[in-house]
Every structure is written in structure tokens, then in C-alpha cells.
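Encoded as C-alpha cells, the structure appears first; notes follow it.
Numbers for residues simply follow the sequence, beginning at 1. Bear in mind the structure is a predicted one, so any value in this text is a computation, not a measurement. Computation of the quantities below employed the complete heavy-atom set of this structure, encompassing side-chain atoms and omitting hydrogens, waters and symmetry-equivalent molecules.
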Amino acid sequence: FDGFDEQGEDVSVSCKADALVLFNPVIDLEPGYGWEGGARKLGADWRSLSPLHNLHENMPATIIFHGTEDDTAPIVGAQRFCSVLQDYGVDADLVEFEGAGHGFFNAGKFENAYADTLQKMEQFFDKIGFTA
């Protein structure tokens, strides 16, 4: 997000990511679609802090791991996020875990999700050229 630097901050050092690896993120703050707590807490300012509503063509390659039964961060936000990135031509992968809820990827929490997310994350890094 642009416009949120502290006064006097050294902006010569970039804080922009080269890739995003996201696990069941709260990524859409639009009332009725995403994490309802965000819209309630932020009021009219929800759009300025909603990742989904601040995407552009220069976003980094992204992979999202998300459970289809996540009631904290509904998967529809991740689906919309990846769709918009793909429309911009950005490499964006969504790995859905059928029947999994929020935090599914923690070791021992949901079937083999922990090992599966690690493997898919390594494959993603290979695909975008981050591994030797």
C-alpha cells in the first residue's frame, strides 16, 4: 500500500514483496464478501486497507493456501483476489483445501495439509525462479 509510510521513514529501502505466500488471509474487507470485522472496525475506510481493492499490474507472484470451510476469512475473498491478479497478468495460484477451516495448515491439524503446503510452496518458488 502506498501512502502509509511514517513521517521521516527511510523510503529508499523498499518494503515491497518480491512474492507472496499467504495462508488463509483476510484479504477482502468489502462488506458482505470478506471478514465482516474489518468493515465494522474500519467503517468507510475499509477500501483503503483492503488488499483485494488495492491490486495492480505490478503485484508480485502470489500463492494462497485456503480452506473451503474457513469461517474467519471466507474463501471467496481469496478466489476474487487471485482472479483479479490473473486479469492483470500476475502469476496467482489458489490452492483450496476441501473441508478445511481457518488455520488448517498447522502441523497435525488437518490431514496432511502441513506437508502438502510445504511441498506446494517449494514448487511455487521453483516456478517463479526463487530456488537454485
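Looking at every heavy atom in both residues, D45 comes nearest to S48 through O-OG, 2.8 Å. Summarising the geometry of A19 relative to F130, their closest heavy-atom pair is CB-CE2, 3.7 Å, with the distance given to 0.1 Å. The two residues H102 and K109 have their closest heavy-atom pair at O-NZ, 3.1 Å. Heavy atoms only, all atoms of each residue included: F110 and F104 are closest at CB-O, 3.5 Å. Across every non-hydrogen atom of L29 and L49, the tightest pair is CD1-O, 3.7 Å. In terms of heavy-atom proximity, L20 sits nearest to P60 at CG-CG, 3.8 Å.
Heavy-atom neighbours of E6 CD from other residues, nucleotides or ligands within 6.0 Å: at or below the threshold of 12.
Between E30 and R47 there is no salt bridge, since no side-chain nitrogen of the basic residue lies less than 4.0 Å from a carboxylate oxygen of the acidic one. A salt bridge does not link D93 to K120: none of the charged nitrogens lies less than 4.0 Å from a carboxylate oxygen.
Distance CD1/I75 to CD1/I64: 9.0 Å, rounded to 0.5 Å. How far CZ of F23 is from CD1 of I63: 8.0 Å, rounded to the nearest 0.5 Å. Taking CG from L94 and OG from S83, the interatomic distance works out to 10.5 Å, rounded to the nearest 0.5 Å. Residue E96 holds its CD atom at 10.5 Å from CD of E69, rounded to the nearest 0.5 Å. Here the straight-line distance linking atom CD of Q123 with atom OG1 of T131 works out to 10.5 Å at 0.5 Å rounding. In this structure, CD in Q79 is found 11.0 Å from CG in D28, a value given to the nearest 0.5 Å.
Ring to ring, Y114 and F105 are not that close: their centroids are 6.0 angstrom or more apart.
A donor-acceptor pair is defined here as one N or O able to donate and one able to accept, closer than 3.5 Å; no such pair exists between the side chain of N54 and the backbone of P51. Remark: side-chain polar atoms of N112 are not paired, donor with acceptor, to backbone N or O of A115 under 3.5 angstrom.
Side-chain contact between F81 and L55: present, with at least one pair of heavy atoms (C-beta onward) separated by less than 4.5 Å. Residues Y88 and N58 fail the side-chain proximity criterion, which asks for heavy atoms closer than 4.5 Å. Between D91 and I128, the closest side-chain pair of non-hydrogen atoms falls below 4.5 Å.
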Apply the test side-chain contact (heavy atoms from CB on, under 4.5 Å) to residues W46 and H53: give CA-CA distance (whole Å), side-chain angles for both, the deciding distance (0.1 Å), then the verdict.
CA-CA 9 Å; W46 69 265; H53 297 87; 3.5 Å; yes
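In summary, the side chains of H66 and N24 do not present any donor paired with an acceptor at a separation below 3.5 Å, with no hydrogens or angles considered.
A side chain to side chain contact (heavy atoms under 4.5 Å, CB included) with M121 is found for exactly one of V21, D116, V95, namely V21.
V90 and F124 fall into different hydrophobic clusters, where Ile, Leu, Val, Met, Phe, Trp and Tyr residues are linked whenever their side-chain heavy atoms come under 4.5 Å apart, directly or through other members.
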